[in-house]
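First the structure, in the form of C-alpha cells, and then the observations on it.
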Amino acid sequence: MTELFPKVLVIGGGPGGYVAAIRCGQLGLDTVLVEADRLGGTCLIRGCIPSKSMIEAADKYDLIAKAAKGLIHGISLEASPKADMADVIAWKDGVVDKLNGGVTSLLRRAKVKILHGWGRFSDAKTCHVDTPDGTIIIRPEHVILATGSKPVALPNLAFDSTVISSTEALSLNSLPNRLVVVGAGYIGMELGGAFAKLGSNVTIVEAADRILPQYDEKLVAPVKKAFESKGVNFKLSAKAEAISEDGLSITMEGGHHEILAADKVLVTVGRAPLTEGWGLEEMAVKMDGRFVAVDEQCATSSRNVWAIGDLVGEPMLAHKASAQGEMVAEIIAGKRRRFDPVAIPSVCYTDPEIVCVGIGPGAHETTESVFPLAANGRALTMGADEGGGFIRIISEKHSHRILGVQAVGRHVSELSATFTHAIENGLVLEDVAGVIHAHPTLSEAFHEAALQGLGHAIHV
Ligand code: FAD
Ligand code: FAD
C-alpha cells in the first residue's frame with residue numbers, strides 16, 4: 001500500500017478545490033488533489049459551463065427561428081431551422097472537454113499530484129483513496145475540503161428516468177415535448193428558458209407566489225414577461241406533490257389539485273452540501289446547520305483542516321468557491337488573508353439576464369437611482385431594451401456611497417464586474433459620474449444611473 005505525506009491534500013476538483021490546488025502549487029507547496037469524477041467539478045462538468053452552453057445554443061436557435069419568420073433586423077430565412085439535441089449536447093460536451101483539459105494541464109504545470117478516486121477519511125489527517133492502481137493512504141499536514149454539493153430531491157419525487165435533476169437535463173439527447181420544471185430558482189429558470197426556446201412546452205411550478213423569489217419584484221418583472229411571451233406557463237403558489245402515469249400532481253394554494261402531463265419533470269429545488277460518504281463524521285469538525293462551519297479564514301474547528309465552496313454555505317457560487325480556495329492556499333503558505341468581500345456578484349442567465357451585487361432596495365437611509373435600457377443607444381442596437389430592462393444603483397443618502405447595483409436586461413451579465421468594482425472599492429456616485437464611459441456601450445447606462453442619483457441624468 002502506497003503512503004503519501006504531502007503538505008496539502010485537497011479533496012474535490014471543482015472551482016474551489018482545483019483553484020486551491022493550483023495556488024498551492026504556485027506557492028511551492030507539495031500538493032495532492034483527489035477527484036472521483038472529472039476535474040472541474042459541478043461547475044465545469046454539470047453546472048455553470050454546460051448550462052451556459054445550452055442557453056447560448058437555445059438563444060442562437062431562437063434568433064434564427066425568428067429570422068425565419070422575417071422578424072430580425074430585416075433579415076429573413078427561407079426555411080425554419082432545426083435543432084438536433086444530440087448535436088447540441090455534443091457541442092456542449094466539446095466546450096466542457098476543452099475546459100476540463102485546460103484545468104488538467106494547469107494543475108500539472110503547478111506540479112499538483114492528481115489522484116483519481118474517491119477519498120475517505122478515517123480521521124482528520126488520514127485519507128484513503130481507492131485508485132485504479134490500488135489504495136493510497138495520504139497523511140497530509142493540511143486538508144482542504146472542497147466536496148461541493150448535490151441536487152436536492154423532493155420526498156415523493158425520487159430522481160429516475162422521468163424525474164430528473166439539472167445534471168440529466170444538461171445531457172438529454174432528445175427534446176422533451178412537455179417539460180415541467182419544479183422550482184423557479186435560478187437553475188430552474190435558466191434551464192426552463194433554454195428548453196422553451198429550443199421548442200419544449202414548458203410549465204414552471206413554484207411554491208412561492210412569484211418566480212425567482214430571492215429577487216425583488218421589479219427586477220423579475222421583465223423576465224416573467226419575456227418567459228410568458230415565449231409561451232412558458234407558470235403555476236405559482238403551487239407545490240409539486242407526486243408523479244403518476246397521468247403526470248405530475250400539484251397542489252395550489254387553497255388545496256385545489258391539478259395534474260400536469262409531462263414527458264420530463266426537472267426538479268430544481270435547491271442544492272445541498274455533499275457531507276456524506278467520505279468520512280466527515282470521523283473528522284470531528286463542527287457543523288453550521290447542514291454546512292461545515294468555518295471562520296473568516298475558512299478554518300474548520302479541527303486544526304489545519306480547511307473547508308471551502310458549496311460545502312461551507314451560501315452563496316453557492318463558483319466564484320465564491322474559487323476565491324476561498326485561493327485564500328486558503330495563501331494562508332497555508334504563510335500569508336495574512338481573510339474572507340471578507342464587501343459584495344459577491346450573482347448572475348441569473350435567463351433572457352433577460354439579472355445581475356445583483358451588494359444590497360437591494362428598501363434599506364434605511366438609501367436612495368435608488370434607475371436608468372432604463374430603453375434610453376441607451378447600444379441596448380437598442382442589441383435588442384437589450386426589450387421588455388423593460390434597467391440598471392439600478394442603491395446608494396447611501398448622505399455620503400452617496402454605492403452599496404448595491406442590480407440590472408435586468410440582455411447581456412448585462414458582462415457589467416457585473418464594473419458594478420462589483422464600484423462597491424468593493426467604496427466608490428460614490430460622483431466617482432462613476434466622473435468617469436468617461438465608451439459610447440455606445442451598455443456601461444453608459446451605469447454612468448447615467450449614477451448621474452440620475454445626483455439629479456442630472458442626460459438621457460432621461
Ligand atoms: P463542486 O464544483 O461541486 O466540486 C466538488 C468536487 O468534489 C466534485 O467534482 C466531486 O466529484 C468531488 N468530490 C466530492 N467528494 C469527493 C471525495 N470524497 N473524493 C473525491 N472527490 C470528491 N455557479 C455560478 O457561480 N455561476 C453559475 O452560472 C452557476 N450555474 C450553475 C448551474 C447549474 C445547473 C448548477 C448545478 C450549478 C451552478 N452553479 C453556478 C453553482 C456552481 O456549480 C457551484 O457553486 C460550484 O461548482 C461549487 O464549487 P465547489 O468547488 O465547492 O464544488
Ligand atoms: P433555489 O434558488 O433554492 O430555488 C428553488 C425553488 O424551488 C424555490 O423558489 C422554492 O420555493 C421552490 N420549491 C421548493 N420546493 C418546491 C415544491 N415542492 N414545489 C414547487 N416549488 C418548490 N443564495 C442566497 O442565500 N441568497 C441569495 O440571494 C442568492 N442569490 C443567488 C443568485 C444567483 C444568480 C445564484 C446563481 C445563486 C444564488 N444563491 C443565493 C445561491 C442559491 O440559492 C443556491 O445555489 C441554490 O442551491 C440554487 O439552486 P436552485 O436554483 O435549484 O434552488
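These numbers come from a predicted model, not from an experiment. In listed order, ligands and their atoms are each counted from 1.
Counting heavy atoms of neighbouring residues, nucleotides and ligands inside a 6.0 Å radius, atom CZ of R337 exceeds 12 of them. Within 6.0 Å of NZ on K125 lie more than 12 heavy atoms contributed by other residues, nucleotides or ligands.
Within the 4.0 Å heavy-atom criterion, neither part of S346 lies near ligand 1. Of all the heavy atoms of A146, the ones lying under 4.0 Å from any atom of ligand 1 belong exclusively to the backbone. Counting heavy atoms closer than 4.0 Å to ligand 1, residue I11 contributes side-chain atoms (C-beta onward) but none from N, CA, C or O. Looking at T147 against ligand 1, both its backbone and its side chain come within 4.0 Å, counting heavy atoms. Contact annotation for K52 and ligand 1: only side-chain heavy atoms (C-beta onward) come within less than 4.0 Å of the ligand. If you look at I45 next to ligand 1, there are no close heavy atoms at all, none under 4.0 Å. The proximity of A36 to ligand 1, defined as any non-hydrogen pair under 4.0 Å, involves the side chain as well as the backbone.
Judged by distance alone, the side chains of T381 and R378 do bring a donor and an acceptor atom under 3.5 Å apart.
Salt-bridge check for D310 with K150: failed, with every basic side-chain N at 4.0 Å or more from each acidic carboxylate O. One finds a salt bridge joining E56 and K60 here, because a Lys/Arg side-chain nitrogen approaches an Asp/Glu carboxylate oxygen to under 4.0 Å. Of the charged side-chain nitrogens involved, none lies within less than 4.0 Å of a carboxylate oxygen, so that D351 and K230 do not count as a salt-bridged pair. Taking 4.0 Å as the cut-off between side-chain N and carboxylate O, E314 and K320 do not count as a salt-bridged pair.
Nearest heavy atom pair, residue I394 against residue E368, reads CD1-CG, 3.6 Å.
Judged by distance alone, with hydrogens and angles left aside, the side-chain atoms of K264 form a donor-acceptor pair with the main-chain N or O of S161 at under 3.5 Å. At distances below 3.5 Å, at least one donor-acceptor pair connects side-chain atoms of T147 with backbone N or O atoms of L274. Looking only at distances, no side-chain donor or acceptor of R23 sits under 3.5 Å from a matching main-chain atom of A329.
In terms of polar-atom proximity, defined here as any N/O pair under 3.5 Å, S166 makes no such contact with ligand 1. Among the atoms of G119, some N or O lies under 3.5 angstrom from an N or O of ligand 1. Ligand 1 has no N or O atom lying under 3.5 Å from any N or O atom of G12, backbone or side chain. Geometrically, ligand 1 and M316 share a nitrogen or oxygen pair separated by less than 3.5 Å.
Near S51, meaning under 4.0 Å from one of its heavy atoms, ligand 1 places the atoms 32 (C). Counting the atoms of ligand 1 from 1 in the order shown, those under 4.0 Å from a heavy atom of G148 are 1 (P), 3 (O), 5 (C), 52 (O), 53 (O). The contact set between ligand 1 and Y186, taken as ligand atoms under 4.0 Å from a residue heavy atom, comprises 29 (C), 30 (N), 31 (C), 37 (C), 38 (C), 39 (N), 40 (C), 41 (C). Of all the atoms in ligand 1, the ones that sit under 4.0 Å from a non-hydrogen atom of G117 are 19 (N), 20 (C). Atom numbering of ligand 1 starts at 1 in the shown order; those under 4.0 Å from a heavy atom of W278 are 18 (N). Against a heavy-atom cut-off of under 4.0 Å, L274 is close to the following atoms of ligand 1: 14 (C), 15 (N). Using a 4.0 Å cut-off to heavy atoms of S149, the atoms of ligand 1 that qualify are 3 (O). Heavy-atom proximity to C43, at under 4.0 Å, picks out these atoms of ligand 1: 2 (O), 43 (O), 47 (O).
Under the salt bridge (Lys or Arg N to Asp or Glu O under 4.0 Å) criterion, E296 pairs with no residue at all, not counting sequence neighbours.
Taking CG of L29 as the reference point, atom CD of E330 lies at 10.5 Å (rounded to 0.5 Å). A distance of 9.0 Å separates CD1 of I250 from CD of E241, quoted to the nearest 0.5 Å.
Remark: among candidates E35, E190, R271, the nearest residue to atom 36 (C) of ligand 1 is R271, based on non-hydrogen atoms. For atom 49 (O) of ligand 1, the candidate residues are A169, G14, P15, G309; the nearest heavy-atom contact is made by P15. Of the options G47, G13, C48, the smallest heavy-atom separation from atom 42 (C) of ligand 1 is shown by C48.
Within the structure, ligand 1 lacks G277 among the residues with a heavy atom less than 4.0 angstrom away.
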